[in-house]
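Protein chains get the first letters and strands the later ones, always in sequence-line order, with residue 1 at the start of each. Please read these numbers as outputs of a predicted model, since none were measured by experiment.
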Protein chains: 2
Amino acid sequence: MKQPYKLATARDVADKAEVSVSTVGRALADDPRISAKTKSRVKEVATQLGYVGNLLARQMRGAKSNLIGLMLPDIRNHFYATIAEALSECCSSNGYQLALSIANDPETEARHVTELISARAAGIVIVPTANPKRETQDLLNNFPHVQLLRRIEAYNSAWFGINDEDCLCEGTKHLLSLGHRRIAYIGGSRELSTGKARWKGFRRAFTEMGIEPDHAIEIFGPPSSTRFGADAMNDLLNRPEPPTALITGTIRVTQAILEILHQRGISAPDDISIVGFGDAPEFKWWGQGLTTLCMPIEDLATTCGLWFLFHLDAEKPTHLQHSSLARATLTIRGSTAPLAG
Amino acid sequence: MKQPYKLATARDVADKAEVSVSTVGRALADDPRISAKTKSRVKEVATQLGYVGNLLARQMRGAKSNLIGLMLPDIRNHFYATIAEALSECCSSNGYQLALSIANDPETEARHVTELISARAAGIVIVPTANPKRETQDLLNNFPHVQLLRRIEAYNSAWFGINDEDCLCEGTKHLLSLGHRRIAYIGGSRELSTGKARWKGFRRAFTEMGIEPDHAIEIFGPPSSTRFGADAMNDLLNRPEPPTALITGTIRVTQAILEILHQRGISAPDDISIVGFGDAPEFKWWGQGLTTLCMPIEDLATTCGLWFLFHLDAEKPTHLQHSSLARATLTIRGSTAPLAG
DNA sequence: ATGAAAGCGCTAACAT
DNA sequence: ATGTTAGCGCTTTCAT
């Protein structure tokens with residue numbers, strides 16, 4: 001057989017129920033003009049044939065798409081998993097369907113954006129890569145979309161993000177006020193808006209506290225790689241004068257360093273004070289509890305989703321210069337302590 | 001403006017390039033019949049207009065869909081996040097696009113299945129809910145799909161899963177051989193194929209070792225709730241005679257109990273021996289390391305994806321009675337020790 | 001080497 | 001109360 005799964009069409013239902021296609025359409029839509037008798041017959045035949053209306057055909061007739069594209073760099077990151085869940089919930093309760101694309105480089109990103117547009121999705125929620133292709137930019141700027149977390153200036157769209165700079169600044173100040181000076185920062189690439197802001201926050205803490213960052217150590221790397229964080233941490237620990245404190249700039253890095261510290265039997269805050277970026281549940285019970293920079297990521301995603309869907313439903317353009325900043329906060333647990341000696 | 005984001009059609013390109021629609025189609029598809037000159041003109045106009053072909057229209061003409069539906073109960077579960085990532089990667093490198101649906105109850109599941117079929121997805125990869133509606137079953141049995149992890153007998157489809165029973169049996173035997181008898185099992189509902197198999201494995205360990213399960217304690221609950229695991233654990237600890245060992249049957253439960261134990265300052269293996277289901281990265285560094293039941297979940301998902309896509313591409317029916325069992329294994333770390341006294 | 005026309009499955013305007 | 005027809009954007013005969 002060639003078509004093992006051929007689905008019934010309105011035509012098939014019409015033939016079997018001995019009415020016209022339009023009667024089928026109307027009966028199934030509960031149009032008041034159709035007699036109760038015909039309706040019930042049509043509905044019965046439809047069920048019998050397992051008829052499921054073809055959304056593609058409907059959309060060609062002008063129905064709006066129910067597909068929302070979500071483009072993320074990495075779904076195993078707790079951060080992004082939370083976003084996916086929140087948006088999925090949001091879409092689902094508003095009649096939309098989430099199409100998930102994982103793209104961590106500009107080429108894959110371009111491909112997926114093209115595909116989503118080609119499928120005439122209703123809109124795209126995107127955490128952009130660091131340097132999107134020109135092509136991607138042109139496409140997106142003529143298509144409903146929102147940026148989440150990371151922000152590309154060239155996009156004429158709304159953005160929902162975190163006050164990354166303040167957040168890192170607060171965390172760093174905490175370490176400085178405990179007397180630490182040889183503080184290391186391991187964060188994401190400064191090519192990302194988030195990576196850049198977080199790094200600026202780290203620097204600003206020194207400035208605002210009037211301390212020269214002479215002994216600060218800064219390491220940057222790809223945000224979605226566990227490997228990078230591990231390597232950076234090992235490098236730090238192998239130095240003749242390892243830092244007395246460390247603050248991280250991505251969740252993946254936080255997870256990586258926790259594992260390395262555990263492997264090497266180094267404990268916080270005795271050997272080193274740690275402020276971890278992000279708030280995965282397990283951070284609570286790492287050692288004596290990890291001091292973390294927590295962000296209301298679920299709220300952020302839900303807000304973003306609701307705003308976006310509202311605008312789509314209202315057929316308002318989504319490129320109003322809207323931007324929304326969620327406040328991240330420092331949660332102090334056991335991994336940070338005053339500098340000994 | 002009514003259509004803030006109107007995309008160009010082949011018609012628009014044709015008009016501007018002063019050719020017919022069919023020439024546009026052929027030029028863009030690099031049909032050899034079109035002259036090089038015309039081709040380049042058409043392509044230029046297309047780029048200029050930001051033309052992106054309408055996939056819906058193509059599919060109506062018979063092109064096959066590139067959409068694969070993935071239905072999961074819970075994306076924040078590390079287990080399922082891994083699956084989503086693996087399948088996304090798999091789809092992406094075979095020209096497919098992943099549509100993610102989170103459904104944890106039969107109604108939502110039915111809705112999402114209908115939507116995916118209505119959108120004429122190419123196929124569905126599903127981790128079914130415990131008791132799918134009859135409607136869902138009928139729909140799926142006439143639509144290309146595979147079952148992942150959980151298995152519904154009524155589906156005439158292939159299944160890719162884990163040897164749940166052996167896995168729990170092995171973990172339980174480990175505890176029994178350490179001398180434990182008052183062993184608690186906290187697992188997922190036995191209405192799920194997985195929950196049932198794991199429970200049977202727990203029981204079988206006693207049988208095979210010739211030990212009466214007089215002192216075994218069994219607690220079952222919803223698999224995607226963190227709350228349930230926490231409550232169950234607290235209940236156990238508040239008993240006059242708490243168990244000396246515990247084995248869990250879902251990742252969520254494992255995560256929940258680790259947090260409770262940490263909160264209450266109870267440590268393994270001194271106060272209680274623990275075998276945790278699943279292998280989230282943080283389990284390595286809980287206390288002195290958690291003894292876990294590890295499953296090759298990424299491999300499983302990839303295998304499943306490759307098999308499914310291959311069958312879709314070949315237009316083979318996917319309901320060949322294929323089933324694939326991945327082996328889970330016990331990794332012994334610091335949380336289990338011989339029963340004292 | 002290119003154009004005209006049919007048709008995929010559906011809905012809505014226009015008959016009857 | 002129901003049928004007929006046109007057309008959404010595309011590909012694919014079938015003409016020229």
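- Heavy-atom nearest nucleotides on DNA chain C were determined for Ala57(B) and for Asp31(B), and the one closer to the 5' end corresponds to Asp31(B).
- For the residue pair Glu298(A) and Thr82(A), no side-chain donor N or O sits within less than 3.5 Å of a side-chain acceptor on the partner.
- Side-chain atoms of Asp313(B) and Tyr96(B) form a donor-acceptor pair, as typed in the model, at a separation below 3.5 Å.
- Two residues are said to be in side-chain contact when any heavy atoms from C-beta on lie closer than 4.5 Å; Glu109(B) and Met71(B) meet this criterion.
- One interatomic measurement links the two molecules: CD of Gln59(B) to P of dC10(C), which rounds to 15 Å at whole-angstrom precision.
- On a pure distance criterion of 3.5 Å, a polar donor-acceptor pair joins the side chain of Ser22(B) and the base of dA4(C).
- Taking atom CG on Leu28(B) and atom P on dT2(C), their separation rounds to 14 Å, with Å as the unit.
- Of the side-chain N and O atoms in Thr9(A), none sit less than 4.0 angstrom from OP1 or OP2 of dC8(C).
- One can place CG of Leu56(A) at 14 Å from P of dC10(D), the figure rounded to the nearest angstrom.
- Straight-line distance from the CG atom of Asp15(A) to the C1' atom of dC10(C): 15 Å, rounded to whole Å.
- Here Ser20(A) lies in heavy-atom contact (under 4.0 Å) with a base.
- To the nearest angstrom, P of dC8(C) lies 14 Å from CZ of Arg120(B).
- Summarising the geometry, the separation between CD1 on Ile34(A) and P on dA1(D) is reported as 8 Å, rounded to the nearest angstrom.
- The SG atom of Cys304(A) lies 8.5 Å from the CG atom of Leu149(A); values are rounded to the nearest 0.5 Å.
- Positionally, the nearest nucleotide of DNA chain D for Asn54(B) lies more toward the 5' end than for the other of Asn54(B) and Arg33(B).
- Atom CE of Met60(B) is separated from atom P of dC10(C) by 8 Å (rounded to the nearest Å).
- Remark: Thr23(A) is not in phosphate contact with dT2(D), judged by side-chain N or O atoms under 4.0 Å from OP1 or OP2.
- Rounded to a whole Å, the CD atom of Glu18(A) is 11 Å from the P atom of dG3(D).
- Ranked by how close their nearest DNA chain C nucleotide is to the 5' end, Arg58(A) and Val19(B) are led by Val19(B).
- Between the side chain of Arg61(B) and the base of dG9(C) there is no donor-acceptor pair of N/O atoms closer than 3.5 Å.
- Residue Thr38(A) places at least one side-chain N or O under 4.0 Å from the OP1 or OP2 atom of dT2(D).
- In this model, no donor atom of one side chain and acceptor atom of the other lie less than 3.5 Å apart for Asp299(B) and Thr302(B).
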